[in-house]
Amino acid sequence: MRIIFGKMFWKKVISLSFIISGIICLTGCADKARIEKNYFKSQKTASTLNLFSPNGKINIHGWEKDFIEIDATKRTYSLFPEQNLIKFQAEEIDNNFNLNVSTADSLVNAEIILDIKVPFILQGLNILTENAECNINDTFGNVNITGKNSIINGDFKNITVKINLINGVINATFDLTLSTDVIMSNEQ
C-alpha cells in the first residue's frame, strides 16, 4: 500500500514546522532579560521627593549629600525591542523633585528596580504606588505613602509617617525617642 501526499499536505507540514520552531525560539529567547539603566540626579537641593511608580521595587536610603540620586534598572523580558514597557519623566519644580514612572498595565514582561538616595535633610517623601515593594531606611523628613497592593518595609526615624494601603503589607519599626506621629491604615 502506497500513500501519496499532495502539495497542500507538504505546505502545511512546512508551515507547522516553522511555527513550532518559532515558538521554541521565542520561549527560549525570552529567558534572557534586556537590562537598561537610567540615572537621575537633582540639580539643586530638593526639599521634597514626589514619586509615582505603580509597580516594581523601590529602595530608599538617606545619605549625607544634599541632592537626590536615583538609579533605575529596567529588566525587559519582551521579545520585541521596540516595545517600551517603562518610561520615566523627571522634573524639578521649585524645591520638589518629581519622578513619574509610567508602566504598561501589567509588567508581566518587565520589572523595575529604583535605588534612591535622599538627603538626610529631605523634608518630605511622597510615594504613590499600586503594586510595589518599598524599602525605606535612614530618612528623617515626613513620609506619605499611598498604595493598593503594595508591601512597605521601613525603619522610620521620621517626624510624620502616613501609610495608607488598600490590600497591602506593612512591616515597620519606629524610633520612638523622636517625636513621631504615625498614621497607618490597611483597608483589607
Remaining members of I121's ILVMFWY cluster at a side-chain heavy-atom cut-off under 4.5 Å?
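The other cluster members (ILVMFWY side chains, heavy atoms under 4.5 Å, direct or chained): none.
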| task | Among Ile, Leu, Val, Met, Phe, Trp and Tyr joined by side-chain contacts under 4.5 Å, find the other residues sharing a cluster with I35 and list them by chain and number. | result |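 Noted: I35 shares its cluster with no other residue.
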Open item on the list: If the test is side-chain contact (heavy atoms from CB on, under 4.5 Å), which one of N186, V169, I163 qualifies with I152?
Closed with: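 Passing option: I163.
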How would you list, by chain and number, every residue that makes a side-chain contact (heavy atoms from CB on, under 4.5 Å) with [X], sequence neighbours excluded?
{"X": "F67", "value": "K41, S42, W63, K65, E69"}
{"X": "N153", "value": "E133, N135, I151, N171"}
{"X": "I93", "value": "E91, N98"}

Heavy-atom closest contact ([X] atom, [Y] atom, distance):
{"X": "A46", "Y": "L122", "result": "O-CD1, 3.5 Å"}
{"X": "C134", "Y": "I127", "result": "SG-CG2, 4.4 Å"}
{"X": "L99", "Y": "A90", "result": "CD1-CB, 3.9 Å"}
{"X": "N55", "Y": "I112", "result": "O-CG2, 3.4 Å"}
{"X": "S53", "Y": "A132", "result": "O-CB, 4.3 Å"}
{"X": "S150", "Y": "G147", "result": "OG-CA, 4.3 Å"}

Side-chain heavy atoms of [X] within contact of [Y], under 4.5 Å:
{"X": "V161", "Y": "I183", "result": "no"}
{"X": "T48", "Y": "N95", "result": "no"}
{"X": "I113", "Y": "K74", "result": "no"}
{"X": "L51", "Y": "I58", "result": "yes"}

Are more than 12 heavy atoms, taken from residues, nucleotides or ligands other than E92, located less than 6.0 Å from that residue's CD atom?
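Yes, because the 6.0 Å sphere around CD of E92 holds more than 12 heavy atoms from other groups.
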| Cluster question for you: counting only ILVMFWY and a side-chain heavy-atom cut-off of under 4.5 Å, with indirect links fine, are I159 and F120 together? |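 No; tracing contacts between hydrophobic side chains, which count when under 4.5 Å, never links both residues.
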- Query: Among the clusters formed by ILVMFWY side chains lying less than 4.5 Å apart, do M184 and I166 turn up in the same one?
  - Reply: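 M184 and I166: separate clusters.
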Test your reading of the model: is there a side-chain donor-acceptor pair from D115 to the backbone of N59, 3.5 Å cut-off?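 Looks like no, no N/O pair under 3.5 Å.
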Checklist entry - So, the side chain of T73 versus the backbone of K37: is there a donor-acceptor pair under 3.5 Å, distance only? => result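 Absent.
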Review point. In Å, rounded to the nearest 0.5 Å, how long is the span from CG of N38 to CD1 of I70?
Key: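 Here the interatomic distance stands at 10.5 Å.
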TODO: To the nearest 0.5 Å, tell me how far N149 CG sits from N167 CG.
DONE: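 Between atom CG of N149 and atom CG of N167 there are 5.0 Å.
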Which residues pass the side chain to side chain donor-acceptor pair (under 3.5 Å) test with [X], sequence neighbours left out?
{"X": "D155", "value": "K157, T173"}
{"X": "T146", "value": "none"}
{"X": "N164", "value": "S185"}
{"X": "S47", "value": "none"}

Next on the checklist: Please list all pairs meeting ring pair (Phe, Tyr, Trp, His ring centres under 6.0 Å) that have one or both residues in residues 37-56, counting only residues at least two apart or in different chains.
Outcome noted: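 Residue pairs passing ring pair (Phe, Tyr, Trp, His ring centres under 6.0 Å), neighbours aside: F40-F88.
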**Message:** For residues 148-188, which residue pairs pass the ring pair (Phe, Tyr, Trp, His ring centres under 6.0 Å) check, not counting sequence neighbours?
**Reply:**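 Those involving residues 148-188 are F156-F174.
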Less than 3.5 Å apart, which donor and acceptor atoms pair up between the side chains of residues 138-145 and the rest of the protein, not counting sequence neighbours?
from, atom 1, to, atom 2, distance (Å)
T139, OG1, N158, ND2, 3.0
N142, OD1, T160, N, 3.3
N142, OD1, T160, OG1, 3.4

